[in-house]
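Below: the structure, in structure tokens.
The chains referred to below are lettered A, B, ... by the order of the sequence lines, with proteins before strands, and numbering in each begins at 1.
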2 protein chains.
Amino acid sequence: MPWSRNRKTSAGTADPAVAGAQLSGTTTPIKTGAARPRCGTCILRPHCLPAGLAPEPLRKFENMVQHFATLAPGEHLFRVGDTFHSLYAVRTGCLKTCAVDPNGREHVLNFHFVGEIIGIDAIFPEQHFADAIALVESSVCHLPYRAISQFAREVPELQVQLVRALSRHVFSMTSISGDFSAEERLAAFLIMVSARHRLAGGGSTELQLAMSRQDIANYLRLATETVSRILARFQKSGLLQANRRQITLLNPDGLYAIAECMNPYSRGGINRRRPDKDATRS
Amino acid sequence: MPWSRNRKTSAGTADPAVAGAQLSGTTTPIKTGAARPRCGTCILRPHCLPAGLAPEPLRKFENMVQHFATLAPGEHLFRVGDTFHSLYAVRTGCLKTCAVDPNGREHVLNFHFVGEIIGIDAIFPEQHFADAIALVESSVCHLPYRAISQFAREVPELQVQLVRALSRHVFSMTSISGDFSAEERLAAFLIMVSARHRLAGGGSTELQLAMSRQDIANYLRLATETVSRILARFQKSGLLQANRRQITLLNPDGLYAIAECMNPYSRGGINRRRPDKDATRS
DNA sequence: CGTCTCCTTGACACAGATCAATTAACGTGG
DNA sequence: CCACGTTAATTGATCTGTGTCAAGGAGACG
């Protein structure tokens with residue numbers, strides 16, 4: 001049976017307040033790729049590709065990086081079918097990568113928060129098979145892959161970082177790919193957002209979501225109504241306070257407890273609904 | 001067929017068609033990591049890490065590779081919590097990686113067919129967070145990561161392959177992570193198995209599944225009963241013939257049509273096989 | 001031949017999708 | 001500043017795809 005779920009595309013028209021807020025204390029949004037970013041002083045460096053580079057290689061790396069024009073909400077960074085030639089690092093804001101299948105259903109593949117790398121999945125096919133769209137005003141660094149890859153041959157530390165970034169990506173994907181209930185997935189999502197807020201230097205209980213309910217739903221493989229309802233349920237049980245995209249976590253531990261089973265590191269706590277489905281056989 | 005026949009037949013029928021052909025004069029399975037595998041003559045090389053290496057680096061690479069003892073069905077290659085120190089390449093047979101959540105519910109993260117690399121997701125955490133278990137009698141090459149990684153610094157081509165393998169892994173994961181119906185997922189699964197059979201030199205319509213219905217269900221996030229029912233439905237509509245683990249695809253194009261929406265290449269019209277039936281519901 | 005394990009099939013239940021309607025922001029133009 | 005339109009978010013009422021429970025069947029193996 002055809003079986004259409006959420007099919008509309010929402011290109012986050014959102015609070016511009018969110019974007020810059022988190023970490024642009026020094027730098028006002030650059031409108032046209034003017035100044036080179038300075039990895040050396042970038043607050044995100046520990047989480048970015050040049051993490052742990054020595055001063056000299058770092059300088060060379062900086063020279064490869066280009067700063068990209070700021071993206072307005074809804075603007076594309078790249079599109080399905082574009083040739084891959086560059087990775088991107090999110091400096092401010094938030095983007096989503098998504099693909100629309102032949103039936104018109106949109107699948108949000110990932111959200112990309114401050115400090116994260118976009119485009120890793122295109123290295124192999126050498127072509128983007130997803131659209132990357134800014135959810136709020138965002139800016140990204142532009143890391144030409146050929147140059148980076150070439151440079152990595154000389155600088156093992158960079159090579160290590162590259163491989164780690166890839167592996168981490170795989171690692172994080174396994175979390176959402178499992179078979180979990182809507183509550184578990186949403187709780188895990190909120191915790192993830194919270195953690196990333198903290199990484200970017202923001203508070204971890206006051207969340208200003210960059211994405212719509214629909215984007216969240218498409219990402220978590222739910223209906224938007226379900227996301228809404230579960231948020232309401234969380235609110236009623238005192239876990240959080242939700243007002244549109246403004247979310248306040250009142251009881252993070254409670255959310256952790258719900259989401260725990262999705263954390264690959266912490267298998268061994270908490271309960272979930274479906275008692276068993278058997279396992280084992282060795 | 002590439003895989004040894006059903007589970008516990010006579011001890012050690014590593015399918016001669018594959019196993020024997022490329023890796024040894026002897027037809028008997030290697031029980032203890034005796035002979036070094038010869039990447040140079042391995043039929044899988046184009047799909048493996050040393051793809052495209054020049055003769056000299058290839059020889060050095062071969063010297064790093066160790067052959068592993070054959071794994072019996074149900075035997076573990078590694079377990080959750082094991083320290084990561086090596087990647088593995090499947091030479092014969094088929095393995096699954098899986099993790100058990102707090103409730104004892106098993107999640108199959110991936111199946112690993114002939115020619116595929118296992119362990120990529122453990123590079124970053126430097127620890128395995130999944131069990132790797134042989135589904136049928138299998139053998140794997142043992143690729144010590146530190147040595148490989150070190151060697152890759154000298155041989156760019158190998159580095160490229162490593163990154164490509166990682167990226168490909170990410171790429172393939174996006175396929176099953178989407179929001180698809182049970183039919184779509186199962187159809188896509190069968191097509192994937194078929195494609196991998198072909199890669200390994202087998203036929204693409206006569207499939208001998210290495211995994212149980214339960215493994216398939218856990219992988220696709222379904223109940224085993226659902227897998228059974230949908231196979232029955234496919235059979236009734238003439239798409240295939242299913243007898244336990246012996247599956248014959250009668251109408252691969254029909255399956256393609258059902259699974260199309262999951263093919264990342266088809267999104268946006270890149271390189272698509274056929275236009276789909278439209279998404280009208282009713 | 002019995003036992004075991006995997007697979008299949010049926011009956012029923014429920015989480016979550018779908019349909020539908022209302023309310024709340026946020027423009028925009030007058 | 002206020003009507004108006006548009007889109008996002010909520011809430012309620014149903015429907016349904018799949019999960020769950022239960023009961024055989026069919027190979028495999030000793």
d([atom1], [X]; [atom2], [N]) in whole Å:
| X | N | atom1 | atom2 | result |
| --- | --- | --- | --- | --- |
| B/I230 | C/dC7 | CD1 | P | 16 Å |
| A/L222 | D/dG17 | CG | C1' | 15 Å |
| B/R221 | D/dG19 | CZ | P | 11 Å |
| B/F180 | D/dG17 | CZ | C1' | 17 Å |
| B/I216 | C/dC6 | CD1 | P | 13 Å |
| B/Q246 | C/dC7 | CD | P | 13 Å |
| A/E183 | C/dA17 | CD | P | 13 Å |
| B/R105 | D/dG19 | CZ | C1' | 9 Å |

For this session: Please list, chain by chain and in numerical order, all residues satisfying side-chain contact (heavy atoms from CB on, under 4.5 Å) with B/A187, sequence neighbours excluded.
Result: B/F234, B/L255, B/I258, B/A259

Exercise. For A/N243, which residues count as a side-chain contact (heavy atoms from CB on, under 4.5 Å) partner, sequence neighbours excluded?
Worked result: none

Exercise. Residues two or more places apart in sequence or in another chain: which of them pass side chain to side chain donor-acceptor pair (under 3.5 Å) with B/T248?
Worked result: B/E206

For this session: Please identify each residue that fulfils side chain to side chain donor-acceptor pair (under 3.5 Å) with B/R79, with sequence neighbours left out.
Result: B/H76

Restricting both atoms to N or O, compile the protein contacts to nucleotides 9-13 of chain D shorter than 3.5 Å, with distance only.
| unit_1 | atom_1 | unit_2 | atom_2 | d |
| --- | --- | --- | --- | --- |
| D/dA9 | OP1 | A/R245 | NE | 3.1 |
| D/dA9 | OP2 | A/R213 | N | 3.0 |
| D/dA9 | O4' | A/R244 | NH2 | 3.4 |
| D/dT10 | OP1 | A/R213 | NH2 | 3.0 |
| D/dT10 | OP2 | A/R213 | NE | 2.5 |
| D/dT10 | OP2 | A/R213 | NH2 | 3.4 |
| D/dT10 | OP2 | A/S228 | OG | 2.5 |
| D/dT10 | O5' | A/S228 | OG | 3.1 |
| D/dG12 | N7 | A/R229 | NH1 | 2.9 |
| D/dG12 | O6 | A/R229 | NH2 | 3.4 |
| D/dA13 | N6 | A/R229 | NH2 | 3.4 |

Problem set entry | Proximity of A/H107 and B/F180 rings by center, below 6.0 Å | yes

Exercise. Considering residues at least two apart in sequence or located in another chain, which fulfil the salt bridge (Lys or Arg N to Asp or Glu O under 4.0 Å) criterion with A/R233?
Worked result: A/E183

